[in-house]
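First listed ligand is number 1; within each ligand, the first listed atom is number 1.
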Amino acid sequence: MPDEAYYASLGLSSILDKVLSGERLTFEDGLALFACPDLTAVGALAAHARFRRHGDAAFYVVNRQINYTNVCVNGCLFCAFRRDHEEEEGAFVLSREDILARLEAAQSGTLRLDEMHMVGGCHPRLGLAWFEDLLRTVSDRWPGLPLKAFTPVEIAHFAALEGISTLEVLRRLKACGLRMMPGGGAEIFDEGLRSRLCPHKADAAAWLRISGEAHSLGIVTNCTMLFGHLESHAMRVDHLLRLRAQQDASGGFTCFIPLPFLTANNRLELPEDRTGPVRGLDQLRTVAVSRLLLDNIPHIKAYWVMLGPKLAQTALWYGADDLDGTIVEERIGHMAGAESAQGLTIPELETMIRASGFRPVRRNAVFEPMPVSGPETTACGAAELRKETC
Ligand code: V47
């Protein structure tokens, strides 16, 4: 890490002191970190915080993503995945059998999934009973498989469809085996910008409230921020601090995932200075500032699908401690222009981690470390999981 005099020259003396002593950073500190000209100095602070929590461990998960539909009533401007109705080109709705076949293919090889990650659009007619039946069937067939599904936005949608409270929706899904929720749909909390980008989606207060309700039932959740579109640094800091405040109140966020906006195939037009090669540096900085501000959220994910594997590896030195996982089939990022692979193998993930100077730790959905033994660690991984399913 650069020395005290250097941080003083950057005007970051008090932030350096706070990071070294573990003291909480303020809104102004967040802005100062975004304004600092030397990205590596910010990264070194985040790396310090990351090593203090996780040492040289870098986590990954053997998982399978499933998107049950892309038909969605919300019509968010930034989304390339969504279709307004089933007849539109590219629209899909998976059947229960389609979903079970994807899991069956994954579970019947030499691999064992440690996470099913399932999300979808807010379909106007798929009711809660359909999802209850699906979760119950999956839990009965694969009792040890942690089910991570539905963002707070989907929970709000199910509640509206059924005319019941979001807490009741969560109770019913938990009773069917829901263990964890992914962090999507948070987008950017700033009310003014959110109402331009996604006016029909659950608002910031609802997203945070539903996360808190899940936590109160013992369902842990992740959280995200979509950045690199029209938001300001102040909006990013505000978003991170609202997550931190929610975590102080309800304590169930496990991992934060900063999601860089991917620009293809959507209706959001960006000014020129928001596109191009500077974006990689901004993405590393956002990972670092997230690690520094979110002192109460254990994990920061460098999501390789959207950052790309090279930047995700670099991000491990900028505060991130997790890469996500094998994934197998990904649609939201790829429909928006992600150039990364559909899935990675276990050896590929472990090599990425080792080559970056870290120690790979296989985990499950809720970040419990998983034993690594036998042929699974050398099996072809995602390639094998992908058989017959895509
Ligand atoms: O909710 C939509 C975002 C999210 C774009 O919890 C876009 O472990 C970039 O939340 N460019 C879905 N992002 C992905 C997500 C996620 C992914 C991996 C792991 C976890 C986890 C969560 O993707 C959406 C939205 O915020 N998104 N469009 C786009 N054009």
Side-chain angles (χ1 to χ4, degrees), residues 59-61 63-67 70 72 74-82 114-122 146-157 179-189 194 197-198 201-202 204 207 211 214 219-231 239 243 252-270 274-275 279 283 286 297-308 312 320-340 343-344 363-367:
F59 299 88
Y60 73 92
V61 60
N63 63 351
R64 217 266 179 229
Q65 283 200 13
I66 293 176
N67 298 125
N70 62 349
C72 187
N74 285 333
C76 304
L77 280 191
F78 51 79
C79 185
F81 172 72
R82 56 165 272 278
D114 296 320
E115 171 181 290
M116 176 192 84
H117 172 137
M118 186 175 77
V119 291
C122 292
L147 307 185
K148 171 185 167 203
F150 313 124
T151 66
V153 171
E154 288 160 275
I155 301 297
H157 175 68
R179 177 126 185 238
M180 183 178 199
M181 286 162 52
E187 321 310 358
I188 196 80
F189 289 147
R194 191 178 183 88
L197 298 179
C198 43
K201 193 168 226 168
W207 193 96
S211 298
I219 302 170
V220 289
T221 74
N222 286 344
C223 49
T224 57
M225 173 174 72
L226 182 68
F227 71 98
H229 42 88
L230 297 176
E231 85 292 356
H239 185 100
L243 290 174
F253 288 131
T254 303
C255 181
F256 171 73
I257 308 115
L259 297 170
F261 174 55
L262 303 173
T263 54
N265 306 323
N266 62 71
R267 295 176 294 153
L268 183 59
E269 282 180 19
L270 295 186
R274 294 272 163 146
T275 59
R279 300 188 87 220
Q283 289 164 16
T286 305
I297 297 185
H299 299 281
I300 305 288
K301 181 178 297 187
Y303 184 38
W304 65 261
V305 170
M306 290 193 186
L307 290 175
D321 61 277
D322 184 71
L323 289 183
D324 203 281
T326 49
I327 307 236
V328 185
E329 183 184 14
E330 198 284 336
R331 298 192 196 227
I332 299 173
H334 285 87
M335 287 169 88
E339 289 174 0
S340 47
L344 290 177
R363 60 157 177 97
N364 68 4
V366 294
F367 280 84

Quick one: nearest non-hydrogen protein atom to [atom], plus distance?
atom	result
atom 30 (N) of ligand 1	Leu262 O, 2.9 Å
atom 10 (O) of ligand 1	Gly184 CA, 3.1 Å
atom 12 (C) of ligand 1	Ile332 CD1, 3.8 Å
atom 9 (C) of ligand 1	Pro260 O, 3.2 Å
atom 22 (C) of ligand 1	His117 CE1, 3.9 Å

Under 4.0 Å, heavy atoms only, figure out whether ligand 1 is touched by the backbone of Asp324, its side chain, both or neither.
side chain
Select one of side chain, backbone, both or neither to describe which atoms of Ala80 lie under 4.0 Å from any atom of ligand 1, heavy atoms only.
neither
Please say whether [X] places an N or O atom under 3.5 Å from an N or O atom belonging to ligand 1.
X	value
Lys148	yes
Tyr303	no
Gly183	yes
Glu187	yes
Phe78	yes
Gly185	yes
Asn266	no

Does the pair Trp207 and Cys223 meet the rule for a side-chain contact (heavy atoms from CB on, under 4.5 Å), with working shown?
CA-CA 10 Å; Trp207 193 96; Cys223 49; 3.7 Å; yes
Show which atoms of ligand 1 fall inside a sub-4.0 Å distance from at least one heavy-atom site of [X].
X	result
Lys301	8 (O), 19 (C), 21 (C)
Leu259	3 (C), 4 (C), 10 (O), 15 (C), 23 (O), 26 (O)
Pro182	6 (O)
Phe261	9 (C), 11 (N), 29 (C), 30 (N)
Asn222	6 (O), 8 (O), 21 (C)

Using modelled atom types only, decide if a donor and an acceptor are shared between the side chain of [X] and the backbone of [Y] within a distance under 3.5 Å.
X	Y	value
Asn265	Ala80	no
Asn266	Leu268	yes
Arg194	Ala202	yes
Asn63	Met116	no
Asn67	Gly120	no
His239	Phe189	yes
Thr224	Ile257	no

Kindly determine whether Cys198 and Asn74 satisfy side-chain contact (heavy atoms from CB on, under 4.5 Å), including the steps that lead there.
CA-CA 7 Å; Cys198 43; Asn74 285 333; over 6 Å; no
Option set Leu226, Thr254, Ile257, criterion heavy-atom distance to atom 13 (N) of ligand 1, minimum
Leu226
Strictly under 6.0 Å, is that where the ring centroids of His299 and Phe367 end up?
yes
Report the C-alpha separation of Met225 and Ile188 in whole Å, then their side-chain angles, then the decisive distance to 0.1 Å, and conclude whether the side-chain contact (heavy atoms from CB on, under 4.5 Å) test is met.
CA-CA 6 Å; Met225 173 174 72; Ile188 196 80; 4.1 Å; yes
In terms of side-chain heavy atoms, does Gln283 have a donor or acceptor partner in Thr286 at a distance below 3.5 Å?
no
Spacing of NE2 belonging to His229 relative to OG1 belonging to Thr263, to within rounding of 0.5 Å
12.5 Å
Check for me whether Cys223 has a heavy atom closer than 4.0 Å to any atom of ligand 1.
no
